[in-house]
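First up is the structure itself, then whatever we jot down about it.
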Amino acid sequence: MKLPWVDFAKGLCMVLVVLFHSALFMETQVNGDVVGFWWPVSEALSPIRMPLFFFISGLLSVSALGKGLGQSRQRTLGLYYVYLIWTFLFLMRLWLPLSRNGAPAPSAGDLVLSLLLPTSFWYLYALPVFFLASWLLTRALGRFSAYVLIPLALLSALSPLLEPLTQPIVTAPLDALKVPSLATHFVWFYLGVHGRSLWDRLMASASYGRLALAAAAYTALVVPMMLFDLKLELKVPLSCLALFAMAQLVALVRMDARVPRWLQNLGSQTLPVYIFHIFLISVISALVKVSGLLQLLQSNLPLSNALLPPLMTIPIVVATVWLGKLIRSGPLWWLLQAPPALVGRKPARTPVAAEVPGPGQAGPVSS
């Protein structure tokens, strides 16, 4: 049975992910030492977008976790196959000097590590890892498995400490390893595995008053987190507040209204948006450099920063959805889904990310 709020929430998160990377493009390619308007906004939303995505992914994986791994290859081998395909294609751009910003070409060893470990498309890497870990934990610990949430929450809070340990493993121009991102977000996937009844109760008792209270509490915590760099102390509580607020929001929104319906449509096909938006932003970055637009954008940075990220986001989302439909309907469908020989069944035309209520995935990329 389709649950409209699931696709609505995934679509909303995907818009936030694309907005985040559009703001990141401005910060790294245009702004220099200037902090743009949408960058702190995206940072303030970081406790929402990926924790909610992973929570939904875990929530939708419960039925599959009760089966054998042989019946879940679409969630494990299938997703890792897609990760390998698109990570390899994304790495190929680095043979073009323009894409490296003057850095040397990557070594063969770094290229191999980028395929074997989580990098740019880390979300596709994380989902099989989280699913396998949850499958093992629920079987090994049985009715006590929910208690693993306590050390996972601690791991999430301390995950920024892993960055200096993992960044030197893969060097520029390749993206740094996203091991800290996996450590940050496993707790939210695992909470989804164990939290369906709590989520249903929160939705059943939703009210505008609770939503307003959660939003006010979130704002009261996110401001000091950003001003005083208190991610270690506050990011996990903020994500808990964000999930509470989202349970209120999805219960109160009229899902048959135009914007919610558009987000539901987007949320049912997040995989191509997640993959292709990174490529499109890379293309935009290259065009800005070679066309002279960089100087134009830098001539009025406040206006460029205010307008360009949101103006990029919606067209990129629309274009990536269209690309996904085009690829899935043609002979290159295998770029978005694993072949039947690998996953043991005929691939569905709708990716695992969009299924309800069975998948172990939902879609993000950096956080």
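Positions are given from 1, in the same order as the sequence printed here.
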- Inter- and intrachain pairs under salt bridge (charged side-chain N to carboxylate O under 4.0 Å, His left out), touching residues 197-206, at least two apart: Arg196-Asp200
- For Ser159, all residues meeting side-chain hydrogen bond (donor to acceptor under 3.5 Å, both in side chains), sequence neighbours excluded: Thr184
- Task: Not counting sequence neighbours, which residues clear salt bridge (charged side-chain N to carboxylate O under 4.0 Å, His left out) with Asp229? List them please.
- Result: none
- With sequence neighbours excluded, tell me which residues meet ring-ring contact (aromatic ring centres under 6.0 Å, His included) with Phe276. Trp86
- Message: Filter on salt bridge (charged side-chain N to carboxylate O under 4.0 Å, His left out), then keep only pairs touching residues 250-266, sequence neighbours left out; what's left?
- Response: Arg254-Asp256
- Can you list the residues that meet the side-chain hydrogen bond (donor to acceptor under 3.5 Å, both in side chains) rule with Ser282, with sequence neighbours excluded? none
- Besides Leu161, the hydrophobic cluster formed by Ile, Leu, Val, Met, Phe, Trp and Tyr side chains linked at under 4.5 Å, directly or via other members, contains Leu154, Leu158, Leu232
- What pairs of residues pass the ring-ring contact (aromatic ring centres under 6.0 Å, His included) test when at least one of them lies in residues 193-217, not counting sequence neighbours? Trp5-Trp199, Phe55-Trp199, Tyr190-His194
- Message: Strictly below 4.0 Å, N to O, side chains only: are Lys178 and Glu163 in salt-bridge contact?
- Response: no
- Message: Using the side-chain contact (heavy atoms from CB on, under 4.5 Å) definition, which of the options Leu19, Val273, Ile284 pairs with Ile316?
- Response: Ile284
Residues 241-251 side chain polar contacts: donor-acceptor under 3.5 Å, at least two apart:
from, atom 1, to, atom 2, distance (Å)
Gln248, OE1, Ser207, N, 3.1

- Task: Kindly write out the residues that satisfy salt bridge (charged side-chain N to carboxylate O under 4.0 Å, His left out) with Arg143, not counting sequence neighbours, or none if the list is empty.
- Result: none
- Note on the structure: For Ser114, the side chain to side chain contact (heavy atoms under 4.5 Å, CB included) test, sequence neighbours excluded, returns Leu91, Thr119, Val170, Leu174
- Item | Residues which pass side-chain hydrogen bond (donor to acceptor under 3.5 Å, both in side chains) with Asn31, listed by chain and number, not counting sequence neighbours | Glu27, Asn305
